[in-house]
Amino acid sequence: MATSARVVPVPIVVSAPSGTGKTTVCRAVVGADPKLEFSISHTTRTARPGERDGVDYHFVDEEAFLALVKDERFVEHAEYNGKLYGTSHEAIDGPIARGCDVLLEIEVQGAAQIRERREDARFVFLVPPSLATLEARLRGRGTDASEVIAKRLAIAGNELSAVSGFDYVVINDHLEDAIAAVREIVAAERSGQRGDAVARHGRETALARGAGALAELPSD
Ligand code: 5GP
């Protein structure tokens with residue numbers, strides 16, 4: 001295969017079970033890279049303190065969201081925790097038209113839809129080092145009752161089994177290493193020279209190592 005520099009920017013999808021530290025990693029990766037923009041999603045959940053409409057999300061009510069679905073404005077959309085989330089075509093194609101790669105931080109159902117619809121997209125799965133660390137992180141937030149944590153852990157187990165749809169797997173054990181790994185993947189996809197990144201972070205390599213919490217998945 002030719003290894004000439006790629007001219008078209010790429011959408012990079014990053015998914016992870018809740019509590020894996022995905023937001024921290026994604027913010028650091030985008031913040032350090034002027035040619036990488038966040039895809040700004042739409043959601044029906046209310047803004048948290050400090051979040052800005054049009055920057056963190058486009059905050060819309062359910063009626064407006066469903067009208068956008070009907071108009072086929074979304075590449076993907078999904079329900080998460082009782083709220084709707086969706087990526088518009090514009091959220092991906094806007095940054096690409098500006099010559100930037102675009103990072104989508106979305107949950108696994110949305111990632112699967114993108115995989116069906118955008119051949120140009122690449123998929124990174126962030127994995128906690130173990131289910132025990134994930135549980136400790138969820139408890140450490142101090143916001144959820146035990147039964148909520150148990151439910152989130154069960155969801156996380158399901159989400160982990162989505163790994164087969166991802167090109168790359170990164171263990172979020174040490175934050176700086178995880179950030180460096182995702183940056184390496186972005187750089188590899190940007191240059192079109194993917195060999196080293198695939199060898200180091202490709203799904204097969206990770207599975208062969210029994211990576212992190214993936215090692216705890218029941219085999220089928
Ligand atoms: P939060 O409400 O904490 O910002 O996000 C909840 C979950 O929804 C996270 O896993 C986040 O990555 C995911 N999410 C954010 N935007 C989108 C989107 O546009 N589509 C999908 N499918 N998930 C999203």
Side-chain angles (χ1 to χ4, degrees), residues 11-31 36-62 64-96 101-118 121-128 134 137-138 140-144 148-149 151-163 165-166 168-170 172 178-179 182 213:
I12 310 265
V13 176
V14 179
S15 291
S18 149
T20 304
K22 172 177 55 163
T23 305
T24 310
V25 172
C26 289
R27 285 200 181 141
V29 170
V30 172
L36 181 64
E37 292 186 17
F38 262 122
S39 158
I40 303 173
S41 298
H42 286 68
T43 183
T44 60
R45 82 151 163 78
T46 48
R48 296 182 186 130
E51 284 184 334
R52 287 171 297 163
D53 187 31
V55 176
D56 298 286
Y57 280 104
H58 300 288
F59 294 99
V60 293
D61 61 22
E62 194 163 316
F65 191 100
L66 294 176
L68 292 168
V69 173
K70 198 162 166 234
D71 287 350
E72 299 184 2
R73 297 274 297 279
F74 290 124
V75 190
E76 64 76 31
H77 61 94
E79 187 178 328
Y80 181 91
N81 210 9
K83 301 293 176 189
L84 299 169
Y85 294 82
T87 306
S88 67
H89 294 281
E90 168 63 21
I92 298 179
D93 290 329
I96 284 181
D101 301 295
V102 56
L103 190 145
L104 287 72
E105 185 201 325
I106 64 176
E107 51 70 65
V108 296
Q109 306 166 69
Q113 294 173 45
I114 301 267
R115 197 167 180 91
E116 295 290 307
R117 294 171 197 162
R118 295 275 320 204
R122 299 290 178 264
F123 297 83
V124 180
F125 201 43
L126 263 184
V127 178
L134 186 61
R137 281 180 196 168
L138 290 173
R141 288 177 175 178
T143 50
D144 296 326
V148 177
I149 290 174
K151 200 169 144 206
R152 280 179 185 267
L153 276 173
I155 295 172
N158 279 335
E159 289 175 322
L160 279 171
S161 61
V163 64
F166 288 80
Y168 297 99
V169 171
V170 171
N172 191 12
I179 293 167
V182 178

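Numbering of ligands and ligand atoms starts at 1, following listing order. Only a predicted model underlies this, so the values are computations on that prediction, with no experimental measurement involved. For the single chain, residues carry numbers from 1 onward in sequence order.
Residue T20 forms a side-chain contact (heavy atoms from CB on, under 4.5 Å) with just one option from N172, L160, V127, V170, and that option is N172.
Residue Q109 places no heavy atom under 4.0 Å from ligand 1.
The atoms of ligand 1 that sit less than 4.0 Å from any heavy atom of G110 are 22 (N). Residue-ligand proximity, A78 to ligand 1, at heavy-atom distances under 4.0 Å covers atoms 22 (N).
Looking only at protein heavy atoms, the nearest one to atom 16 (N) of ligand 1 is S41 OG, 3.1 Å. In terms of protein heavy atoms, atom 3 (O) of ligand 1 is closest to R48 NH2, 3.0 Å. Of the protein's non-hydrogen atoms, the one nearest atom 5 (O) of ligand 1 is Y57 OH, 3.4 Å.
The option with the heavy atom closest to atom 20 (N) of ligand 1, from among E76, H42, R45, is E76. Around atom 13 (C) of ligand 1, the closest heavy atom drawn from E79, E51, E107, Q113 belongs to E107.
Looking only at distances, no side-chain donor or acceptor of T87 sits under 3.5 Å from a matching main-chain atom of S41.
Under the salt bridge (charged side-chain N to carboxylate O under 4.0 Å, His left out) criterion, D56 pairs with no residue, sequence neighbours left out.
Taking the six-membered ring for Trp and thresholds of 30 and 60 degrees, F74 and H42 have ring planes more than 60 degrees apart, a perpendicular arrangement.
The distance criterion of under 3.5 Å between nitrogen or oxygen atoms is met by K22 with respect to ligand 1.
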